[in-house]
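The next block holds one structure in the form of structure tokens; read it before the comments.
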Amino acid sequence: MADAHGHRRRVALPCAVRLRLCLLEAAIDATQRRDGAINRPLFSLYDRRADPRPDTAGVSSTDVTVDASRGLWARVFTPPAPEHEHSSSSSTTTPRPVIVYFHGGGFAMFSAASRPFDTHCRTLCAGVGAVVVSVDYRLAPEHRFPAAYDDGEAVLRYLATTGLRDEHGVPMDLSACFLAGDSAGGNIAHHVAQRWTTTTTTPATPPPPSDNPVHLAGVILLEPYFGGEERTKAERALEGVAPVVNIRRSDRWWRAFLPEGADRNHPAAHVTGDAGPEPELQEAFPPAMVVVGGLDPLQDWDRRYAGMLRQKGKAVRVVEFPEAIHAFYFFPEFAGDIRKLVGEIRAFVEESIMSK
């Protein structure tokens, strides 16, 4: 973005948003080294956590341990019962769809308990009427590729085994399970969906249980974090202009997550097949919703991803927010876009369930 004299112009943002973004950028830059390592005690001073609790919207949350041996857990958000169920004398409650959510943060930062993600998942839970299972996957660089994907798949296996019914009292429809995530979490959601629906197995990725109740009805990717060695038009145009995501930080996050010595054309990052092996998507790979921000440096990668899905015959809905920055859904100042986003997600979930 440049003015008439060729000078780059900063994205116009509300002052409160600009201040919080400056604090976030300062926290990232002060705590991440060139090799991608994070000074976690220092970053924790910025990364405020929320405890599980009920809220005024009627959403409740509890934390569940998925695999104590690797510190894997999830925060489960349950929506309030609809009014007609409150007033009914019947003890039956309509089973809810399930959204398994993966938080963003460059694979290296934040948690399911981080306040912005806790608030975001509550908004989705109340607005969509779904049980939201927010995964606290292991972080890079201590746990590189494929640890986050392994953890996502482990959560699906846990749901297939337990269903979470005893802990939460809200029946879930595991045949209407959606994988969702923002930024790096969107990347994780794609790869976990690809694994869960594949017919090719390895010792590291065994097939789902034979009596598997978890059916993926859709994937919901919010400005997903894909990339490659190429610098796209949007990355170049928004360098030094768009907040948070820039080339320097992005390169460090990939360096922290990808295997030692791998470049950004690794299949974990570059998923469209034009710079490496063609991605394999089985028939069971579900419909996708891809959210694209017009002021997000990742937008070209996200549109290419949607194009790849279409070329493979997959159903995909691209939802564009022309004036949206990366991670706009965490800022209440963008309430109109947030309402539109939640409405689009709800419509996608309902339509995907109707067509399954």
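Model, not experiment: these values are computed from the prediction.
Ion pair Arg144/Glu260 flagged as a salt bridge, since at least one NZ, NE, NH1 or NH2 atom sits closer than 4.0 Å to an Asp/Glu carboxylate oxygen. A salt bridge links Arg304 and Glu230; the closest N-O separation between the charged side-chain nitrogens and carboxylate oxygens is under 4.0 Å. Salt bridge annotation for Asp118-Arg49: absent, with no cationic side-chain nitrogen under 4.0 angstrom from a carboxylate oxygen. A salt bridge does not link Lys340 with Glu344: every distance from a Lys NZ or Arg NE/NH1/NH2 to an Asp or Glu carboxylate oxygen is 4.0 Å or more. Salt-bridge check for Arg40 with Asp47: failed, with every basic side-chain N at 4.0 Å or more from each acidic carboxylate O. Under the 4.0 Å criterion applied to side-chain N and carboxylate O atoms, Glu320 and Arg303 are assigned as salt-bridge partners. The pair Arg122-Asp55 counts as a salt bridge, with a side-chain nitrogen and a carboxylate oxygen less than 4.0 angstrom apart. Looking at Arg346 and Glu350, a side-chain N of the basic residue comes within less than 4.0 Å of a carboxylate O on the acidic one, giving a salt bridge.
Tyr149 and His191 have their aromatic ring centers within a separation under 6.0 angstrom. Ring-centre distance between Phe334 and Phe328: not below the 6.0 Å cut-off. In this structure, Phe330 has its ring center closer than 6.0 angstrom to the ring center of His120.
Nearest heavy atoms, Ala130 versus Pro79: O-CD, 3.6 Å. Pairing each heavy atom of Arg53 with each of Asp51, the nearest pair is NH1-O, 3.2 Å. Residue Asn265 comes nearest to Glu229 through the heavy atom pair OD1-N, 3.0 Å, listed as atom of the first residue, atom of the second, then distance. Contact between Pro287 and Ala217 at its shortest, heavy atoms only, is CD-O, 3.5 Å. The nearest pair of heavy atoms linking Arg75 to Pro52 is NH2-CD, 3.2 Å. Here the closest heavy-atom approach between residue Pro297 and residue Glu235 is recorded as O-CG, 3.4 Å.
Rounding to the nearest 0.5 angstrom, the gap separating the CD atom in Glu280 from the OG1 atom in Thr198 is 6.5 Å. Atom CG of Leu174 is separated from atom CZ of Arg96 by 14.0 Å, given to the nearest 0.5 angstrom. Rounding to the nearest 0.5 Å places OG1 of Thr197 at 7.0 Å from CG of Leu281. How far CG of Asn187 is from CZ of Phe102: 11.0 Å, rounded to the nearest 0.5 Å. The structure places CE of Met289 at 11.0 Å from CZ of Phe178, a figure rounded to the nearest 0.5 Å. Remark: Asp296 CG to Leu222 CG distance equals 11.0 Å, nearest 0.5 Å.
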Handout entry: His103 vs Tyr137, ring pair (Phe, Tyr, Trp, His ring centres under 6.0 Å): CA-CA, chis, key distance, verdict
Key = CA-CA 9 Å; His103 67 81; Tyr137 57 87; 4.4 Å; yes
Practice task
For side chain to side chain contact (heavy atoms under 4.5 Å, CB included), just list the numbers for Val131 and Ile99, CA-CA rounded to whole Å, side-chain angles, deciding distance to a tenth of an Å, and then say yes or no.
Solution key: CA-CA 6 Å; Val131 174; Ile99 298 175; over 6 Å; no
Practice task
Evaluate salt bridge (Lys or Arg N to Asp or Glu O under 4.0 Å) for Arg317 paired with Glu351, printing each intermediate quantity in order.
Solution key: CA-CA 11 Å; Arg317 174 186 298 182; Glu351 291 169 16; 2.2 Å; yes
Problem - Check against side chain to side chain contact (heavy atoms under 4.5 Å, CB included), Arg249 and Asp29 - result: CA-CA 8 Å; Arg249 294 188 188 109; Asp29 293 341; 2.9 Å; yes
Problem - Stepwise side chain to side chain contact (heavy atoms under 4.5 Å, CB included) check, Val214 with Val98 - result: CA-CA 10 Å; Val214 176; Val98 179; over 6 Å; no
Practice task
Start with the C-alpha distance between Arg20 and Glu333, add both sets of side-chain angles, then the distance that settles salt bridge (Lys or Arg N to Asp or Glu O under 4.0 Å), and finish with yes or no.
Solution key: CA-CA 12 Å; Arg20 290 202 295 279; Glu333 290 81 1; 2.6 Å; yes
Exercise for the section: Evaluate the side chain to side chain contact (heavy atoms under 4.5 Å, CB included) criterion for residues Leu216 and Leu179: first the C-alpha distance (whole Å), next the side-chain angles of each, then the deciding distance (0.1 Å), finally the verdict. Expected result: CA-CA 7 Å; Leu216 297 187; Leu179 301 187; 3.9 Å; yes
Practice task
Show the numbers, then the answer: is there a side chain to side chain donor-acceptor pair (under 3.5 Å) between Asp302 and Tyr225?
Solution key: CA-CA 8 Å; Asp302 296 346; Tyr225 187 45; over 6 Å; no
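Counted by atom type alone, Trp73 and Asp136 present one or more donor-acceptor pairs between their side chains at under 3.5 Å. Side-chain N/O atoms of His326 and Ser183 include a donor and acceptor closer than 3.5 Å. Judged by distance alone, the side chains of Tyr46 and Thr31 never bring a donor and an acceptor atom under 3.5 Å apart. In this model, no donor atom of one side chain and acceptor atom of the other lie less than 3.5 Å apart for Asp300 and Tyr305. A donor atom on one side chain and an acceptor atom on the other are found under 3.5 Å apart for Glu223 and Tyr329. A side-chain donor from one of Asp182 and Tyr101 sits under 3.5 Å from a side-chain acceptor of the other.
With a 4.5 Å cut-off on side-chain heavy atoms, Pro279 and Thr272 do not count as touching. Within the 4.5 Å cutoff, the side chain of Phe107 has no heavy atoms near those of the Phe145 side chain. The closest side-chain heavy-atom distance from Val132 to Val76 is not below 4.5 Å. No side-chain heavy atom of Val319 sits under 4.5 Å from any side-chain heavy atom of Val290. Contact check for Leu13 versus Phe331: no side-chain heavy atoms found under the 4.5 Å cut-off. Using a 4.5 Å heavy-atom cutoff, the side chains of Gln32 and Trp253 are in contact. Within the 4.5 Å cutoff, the side chain of Asp151 has heavy atoms near those of the Arg70 side chain. Annotation: side chain of Leu341 is in contact with side chain of Phe321 (closest heavy-atom distance under 4.5 Å).
Under the 4.5 Å side-chain heavy-atom criterion for ILVMFWY residues, a single connected hydrophobic cluster contains both Leu23 and Ile38. Tracing side-chain contacts under 4.5 Å through hydrophobic residues (I, L, V, M, F, W, Y), one never reaches Ile247 starting from Leu238; they form parts of separate clusters. Residues Val170 and Tyr158 share a single hydrophobic cluster, defined by chaining ILVMFWY side chains whose heavy atoms lie under 4.5 Å apart.
Taking the six-membered ring for Trp and thresholds of 30 and 60 degrees, Phe257 and Trp254 have ring planes inclined between 30 and 60 degrees apart.
Heavy-atom neighbours of Lys233 NZ from other residues, nucleotides or ligands within 6.0 Å: at or below the threshold of 12. The number of heavy atoms from other shown groups lying within 6.0 Å of CZ (Arg248) is above 12.
At least one cation-pi condition fails for Lys314 and Phe285: the charged atom is not both under 6.0 angstrom from the six-membered ring centre and inside a 45 degree cone around its axis.
Proximity of a side-chain donor or acceptor of Thr119 to a complementary backbone N or O of Pro116 within less than 3.5 Å is not detected.
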